[in-house]
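What follows is a short report on a single structure.
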Amino acid sequence: MNIDFAAAGQAPSAETALALLVFEGGALAGPAAQLDTITDGALTRAIAASRFKGSKGQTLELVGPAGSAAGRIVLVGAGSRDTLDERIVEQAAASAYAAVKISGLKTLVVDVSDLAPEQAAHAAFGVRLAAYRFDRYRTKEKPEQKPSVETLRVLAADAAVAQTAFGPLEALADGVSFTRDLVSEPANILYPEEFARRVKALESMGLTVEILGEAEMEKLGMGSLLCVGYGSARESQLAVIQWKGAADPDAQPIAFVGKGVCFDTGGISIKPAEGMEDMKWDMGGAGAVAGLMHTLAGRKAKVNAVGILGLVENMPDGKAVRPGDIVTSMSGQTIEVINTDAEGRLVLADALWYCQDRFKPRFMIDLATLTGAVIIALGNDYAGLFSNDDDLSDQLLAASKATGDNLWRMPLHAGYEKQFDSLAADMKNVGGRPAGSITAALILQKFVNGLPWAHLDIASTAWKKPSSVSTIPEGATGFGVRLLDRLVADNFEG
Ligand code: BES
Ligand code: MN
Ligand code: ZN
């Protein structure tokens, strides 16, 4: 998608669709009112002959009326003018894109010249997010089925200011797309080494990336992470990504850790066939951390940040870890593997311990498609937040509100810990069905060594079908990238 910003009044041509915001209640205003005047009331008539009221999410399309140069007009509802915010602008522009994306027209012009130029930047951001598509393996799609819109022009009160404001948002959209690509790739293409290669390639952005293989992880004593890959023909990897954007390169970093199970069959505790294909996105946590690091580098964030990805594949095999096996983690704590399908916590146990041991970060936040139980608890519109630190939780919840990456804080009550007491080892890797996402979080907490920490269980939000928000197409959502970029920007830069 080519995106540019131009001054108001740039006359669109017959090959363009012109999108205009319409607010609920009251008369047409701004560019919509002007167009209505020069087209002799064509917009007013079209609205009167429809159910369009300017509510959020509504669109009304009309063929370019006499008096307007545009081939089509798209009116987009933006709700009440008083409650307009950046996210509503993004979603309105994304709805306009959705209305015309396969129309055959190549250019979409969004006229938001009556809004602040910073809001115009968000209109462009919304279209960028909505236009994401994973079509790498579709060789037979007919041209008329493919999106036709290639260019977005945003008309802004001050095009230069809008362009500047778009800079960091473009970096964020690039990061979200990077995550969506990783999460969408099938596991025959994206296995641990390939994931690691794609992350290593980010060094061109100024990131430092180290890749540890199985021999190095064995030396470090990562018996917990490594056991997950015993049944896989693919080698397990640990990716260590560093961004040093703070004025002091030695300033204490903040850290993000991702579960990267490139495919989760369940292992010997094998999953049922139905829906197992979904487990290609069991690396969504690692995907989000990779996309976040991409974003921080892309916008040259003034912070030192570390991203750690535990990359494995969980397969049944003669060499696979068995139920009842006892493994020793890098922390020294032993774990009785009761269920080989509870593998994410085994991966994170060593990734978290390694992270705090090597980097002594200000805090650690892990992201993981960890439990089916979080979907039962929260459905698909919220991810679970578990934390030992109220300040970090509050910062995350504020970033969640601002970005629409919804979080709901869940209890981390120690009373649940007895559910994973083991007769033979320091703990079992499962705590039974009750409070399944909480016992999983409590197991992770055993490996954070008392550091401020938050765990985001994104099994509920990493993938969405069907989509319910215009900026998030069906499939990989990129959940977590916007959230954490905002957390960093609002609290940990400068
Ligand atoms: N990757 C799954 C969790 C998951 C389920 C993610 C559905 C996305 C959608 C995880 O490794 C898993 O299998 N968890 C088990 C844990 C259980 C064995 C204690 C689960 O949730 O059933
Ligand atoms: Mn599993
Ligand atoms: Zn899993």
Side-chain angles (χ1 to χ4, degrees), residues 183-184 187 190-192 195 224-225 227-232 236 257-288 309-316 320-325 335-351 366-384 386 410 416-417 419-422 427-444 455-465 475-477 479-480:
V183 172
S184 302
L190 195 85
Y191 46 92
F195 196 139
S224 180
L225 183 152
C227 82
V228 177
Y230 283 169
S232 172
S236 300
V257 179
K259 167 180 173 181
V261 177
C262 293
F263 197 80
D264 180 14
T265 63
I268 298 300
S269 315
I270 197 162
K271 290 180 179 293
E274 183 161 338
M276 203 203 272
E277 69 279 4
D278 280 352
M279 288 300 109
K280 75 169 186 178
W281 51 263
D282 206 19
M283 34 54 68
L309 319 179
L311 304 171
V312 302
E313 182 184 56
N314 187 19
M315 299 289 274
V321 67
R322 290 159 290 254
D325 285 1
I335 308 167
E336 186 182 11
V337 180
I338 299 297
N339 188 320
T340 66
D341 196 12
E343 84 297 339
R345 54 202 82 181
L346 296 173
V347 172
L348 289 173
D350 280 337
D366 77 75
L367 292 91
T369 50
L370 203 64
T371 66
V374 81
I375 307 173
I376 303 303
L378 296 176
N380 288 109
D381 288 331
Y382 277 82
F386 304 80
M410 305 274 279
Y416 297 100
E417 288 185 359
Q419 289 180 222
F420 52 88
D421 281 347
S422 162
M427 69 193 86
K428 298 194 289 190
N429 77 327
V430 293
R433 285 181 38 98
S437 58
I438 299 174
T439 52
L442 284 164
I443 290 173
L444 298 183
H455 156 60
L456 310 184
D457 192 337
I458 62 168
S460 48
T461 55
W463 187 271
K464 211 144 183 214
K465 216 176 166 191
T477 59
F479 184 97

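As the structure lists them, so they are numbered: ligands from 1, and atoms in each ligand from 1.
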(message) Can you confirm, on distance only, whether ligand 1 has an N/O atom lying under 3.5 Å from any N/O atom belonging to Gly372?
(response) yes
(message) Below 3.5 Å, N or O to N or O, backbone or side chain included: is there any such pair between Asp264 and ligand 1?
(response) yes
Is [X] near ligand 1, meaning one of its heavy atoms is under 4.0 Å from it?
X: Lys259; result: yes
X: Trp281; result: yes
X: Asn314; result: no
X: Asn339; result: yes
X: Arg433; result: no

If you count the atoms of ligand 1 from 1 in the order shown, which ones are under 4.0 Å from a heavy atom of [X]?
X: Arg345; value: 16 (C), 19 (C)
X: Ala459; value: 6 (C), 8 (C)
X: Glu343; value: 11 (O)
X: Thr371; value: 3 (C), 21 (O)
X: Val430; value: 19 (C)

Taking the side chain as every heavy atom from C-beta outward, state whether [X] and [Y] have any pair of such atoms under 4.5 Å apart.
X: Lys465; Y: Asn380; value: no
X: Thr439; Y: Val430; value: no
X: Met410; Y: Tyr382; value: no
X: Ser236; Y: Pro192; value: no
X: Phe263; Y: Ser232; value: no

(request) Specify whether an N/O/S atom of Asp282 falls short of 2.8 Å from the Zn ion (ligand 3). (result) yes
(message) So, 2.8 Å as the limit: is an N/O/S atom of Gly344 located closer than that to the Zn ion (ligand 3)?
(response) no
(request) Identify which of Val261, Ile458, Val228, Leu370 has a heavy atom lying nearest to atom 10 (C) of ligand 1. (result) Leu370
Do side-chain atoms of [X] reach the backbone of [Y] as a donor and acceptor pair under 3.5 angstrom?
X: Asp457; Y: Val374; value: no
X: Thr369; Y: Asp282; value: yes
X: Thr340; Y: Ile268; value: yes

(request) Evaluate side-chain contact (heavy atoms from CB on, under 4.5 Å) for Leu442 paired with Arg345, printing each intermediate quantity in order. (result) CA-CA 10 Å; Leu442 284 164; Arg345 54 202 82 181; over 6 Å; no
(message) Which atom name would you report as the N, O or S atom of Asp264 nearest the Mn ion (ligand 2)?
(response) OD2
(request) Quick one: report the N, O or S atom of Glu343 that is nearest to the Mn ion (ligand 2). (result) OE1
(message) One thing to verify: whether Asp366 and Lys259 come together as a salt bridge, which I'm taking to mean a side-chain N less than 4.0 angstrom from a carboxylate O.
(response) no
(message) Give me the residue, atom name and distance of the protein heavy atom closest to atom 12 (C) of ligand 1.
(response) Asp341 O, 3.2 Å
(message) Starting from atom 7 (C) of ligand 1, what is the nearest protein heavy atom, named by residue and atom, and what distance separates them?
(response) Met279 CE, 3.8 Å
(message) Restricting to non-hydrogen atoms, name the atom on Ser184 and the atom on Lys280 that form the minimum distance, rounded to 0.1 Å.
(response) O-NZ, 2.6 Å
(request) Just give me the atom name: the N, O or S atom of Asp264 closest to the Zn ion (ligand 3). (result) OD2
(request) Could you check which N/O/S atom of Glu343 is closest to the Zn ion (ligand 3)? (result) OE2
(message) Applying the side-chain contact (heavy atoms from CB on, under 4.5 Å) criterion to Lys271, which one of Asn314, Asp341, Thr265, Asp278 satisfies it?
(response) Asp341
(request) Examine the proximity of ligand 1 to Met283 and report which part, side chain or backbone, both or neither, has a heavy atom under 4.0 Å away. (result) neither
(request) Just do the side-chain contact (heavy atoms from CB on, under 4.5 Å) check on Met283 and Leu309 with the steps written out, would you? (result) CA-CA 9 Å; Met283 34 54 68; Leu309 319 179; over 6 Å; no
(message) If you scan the protein for heavy atoms around atom 21 (O) of ligand 1, do you find one that is closer than 4.0 Å?
(response) yes
(message) Quick one, Leu370 with His455, criterion side-chain contact (heavy atoms from CB on, under 4.5 Å). Give me CA distance, side-chain angles, the key distance, then yes/no.
(response) CA-CA 10 Å; Leu370 203 64; His455 156 60; 3.6 Å; yes
